[in-house]
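Data block below; observations after.
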Amino acid sequence: MGILEVQNVNKHFGGLHALNNVNLDVIEGSVHAIIGPNGAGKSTFLNCLIGKLAPDTGSVMFQGKPVLGKKPHEINQLGISRVFQTPEIFSDLTVFENVMIPCFAHRDGSFMMNAWKKVKCETDIREQAEQMLLDVNMQDKLHMEAASLSRGDKRRLEMAMCLSQNPKLLLLDEPTAGMARADTNATIDLLKHIGETRGITKVIIEHDMHVVFSLADTISVLAQGAIIAEGLPDDIKGHPKVREAYLGEAEV
Amino acid sequence: MLKYNDKVLMIVFAILVLTGPVILAPFGAGYPDLLQRFAIFGILAVGYNILFGLTGYLSFGHAAFLGVGSYSTVWMFKLLTMNIIPGMILAIIMSGLFALLIGFITLRRSGIYFSILTLAFAQMSYSLAYSVLTPITNGETGLQIRLADARILDPKNESGSLPSTNLFGFEMNDTWRTTFMGMDLQFNVGFYVCAVILIAAFYVSIRIFRSPFGLMLRAVKTNQNRLMYTGINTKPYTLAAFVISGMYAGLAGALLASMDPLAGAERMQWTESGSIVLMVILGGAGTLLGPVLGAGVIKYFEAIFSRINDNVLHGWFDFLPGFLETFMVWIIHPFVGKGWSLTLGAVFMIIVIFLPGGLMEGANRINKRFGKQKRGSADNAKAPAE
């Protein structure tokens, strides 16, 4: 049984059928990649999973519990975290504070009137955040303002924020877009390392085939809102429909 | 930003506030009425800063809470006792409940829509206080204490004059005067009550700034989306900040009524809300000390510049030849007296354009420059030795 079960999800934007009967089964502990040409509906699909968009029909079950209709923070509290296409971080706060916030969210839940205790005295949260930043190799940037980080570091920070919540399912929207090769490889290593040590299930949307084929256990191909193929990386590589979707109908 | 040691900041702040009557006397601001207003509007600004400075929600309706606080307090004076404690307690509770209601509705929106909604609510409260609620607010005359009021806790008043507000027998308008180095110093009970409450209010605001709750509020300001997708329900956080700042405003309103037992609807008008926003922005939103500074500067302008008339100006430029004297007075005339808000507007514009972080940013820049010079000279001193 999958940790995430998506059944017959449909979404229309006006006349555009953005998601057409999408079905997806993500197996616990695996890395599931979703690929597809631009405008295939990949981001729309993720937005439906985290409560940013509501699909017209269909059901999404996470560990047997329904996800649709829940608010974004409730979905996150179930254990679903997301890394966005453009890094969503708290740019006015320091790197350290950025990571402490998800630690608080993980420990205290979605609201806690904690107005009298000092952040300075929250030793367990501070240790947790420090350890996390050590894991992503950002321990020397602790007190930098997040806005002043490089693009690659912002992504790493966002990943650290998501990971520090110890999510059960991590959704990554093009985690290496716009990164230099070296940074991309570092990200792949980081994701692999996390996969092994924490056993977090991951759903990745990615354009970079190098990343996809070095990480994914299963690949689904989305084109024009519908899943056109699904299987192991090797099967997908030679799949005629996939070639068609990516390269156009060159063989006709 | 500079990292202050909070304990030092707290002690320095307390000393500055408590010695206010001495420090401000040379500036012509050492008289009780103005000192009280400094402290009261300081409390108001510190509270407003918890909402606007931390979460970035710009409320244009905080004068409504000020009014609610004043009305509640005057009612306590009428019904229970002239002791200010019950009035303050009721004011905080009433303004808190009021803020809960208004916040619950207005916080459904953010940005400009939130501001407009709060403005609408405040104007509604103002109109209600002015008309429909006349039995409670006494309409345009304003709510006042009378000889015939019940005051069930106080002994019967047989003096035939209105009783004055007090704190366990210490009357608010009691002033001890002395002359020191040619300055007239006035130590007023009312001011010291306000000052102690201001210090306590400031301490609470430091604690909130440094707490996990405060961290979440700052996170709301920088990226509310991320916070939602991090599993935080932002609404109760913003609502709590709104209610806390509303209670601060209610407390300030209670103190205004305690210093002068009178509450009028004009206290709830939107211009009053606007001036709270000005105070916080002028001083530096999101900083600890800024709002208190901003409140002080604005109240100082209001009190001092509005009192300068043409006679005073002629006195200043007496040494100049006749036509130049007239010319100078003519130039400065629109900026003082009734035109004091023109000066305030100009100062406000200059500060917002050149120091977007308010007076505190100016202070930090000066500090940094001096810091650099010190470090620079230390490096120079080292260089020859090497």
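The sequence lines fix the lettering, A, B, ..., with proteins before strands; numbering per chain opens at 1. Just so it is clear, the structure is predicted and the values come from calculations on it, not from any experiment.
Within the 4.5 angstrom heavy-atom criterion, atoms from both the backbone and the side chain of B/A219 approach chain A. In this structure, no portion of A/C121 lies under 4.5 Å from any heavy atom of chain B. Residue B/L217 does not touch chain A at all, counting heavy-atom pairs closer than 4.5 Å. With a 4.5 angstrom heavy-atom cutoff, A/K71 does not touch chain B via any of its atoms.
For chain B, the option among A/K120, A/K52, A/H73 with the highest count of heavy-atom pairs below 4.5 Å is A/H73.
Looking at heavy atoms from C-beta onward, B/N223 lies out of side-chain contact with A/I89 at the 4.5 angstrom threshold. Inter-residue side-chain proximity for A/I101 and B/M216 is flagged as met; some heavy-atom pair is nearer than 4.5 Å. Counting only heavy atoms from C-beta outward, the side chains of B/I232 and A/S110 never approach each other to under 4.5 Å. Side chains of A/D92 and B/R218 form no contact here, defined as non-hydrogen atoms less than 4.5 Å apart. Contact annotation: the side chain of B/Y229 never approaches that of A/I75 to less than 4.5 Å [non-hydrogen atoms, C-beta and beyond].
Atom NZ of A/K118 is separated from atom CZ of B/F209 by 15.0 Å, given to the nearest 0.5 angstrom. Note that the OG1 atom of B/T230 and the CZ atom of A/F90 stand 4.5 Å from one another [nearest 0.5 Å]. One distance of note links CE of A/M113 with OG of B/S211; it measures 7.5 Å at 0.5 Å rounding.
Smallest separation of non-hydrogen atoms from A/K117 and B/P212: O-CD, 3.2 Å.
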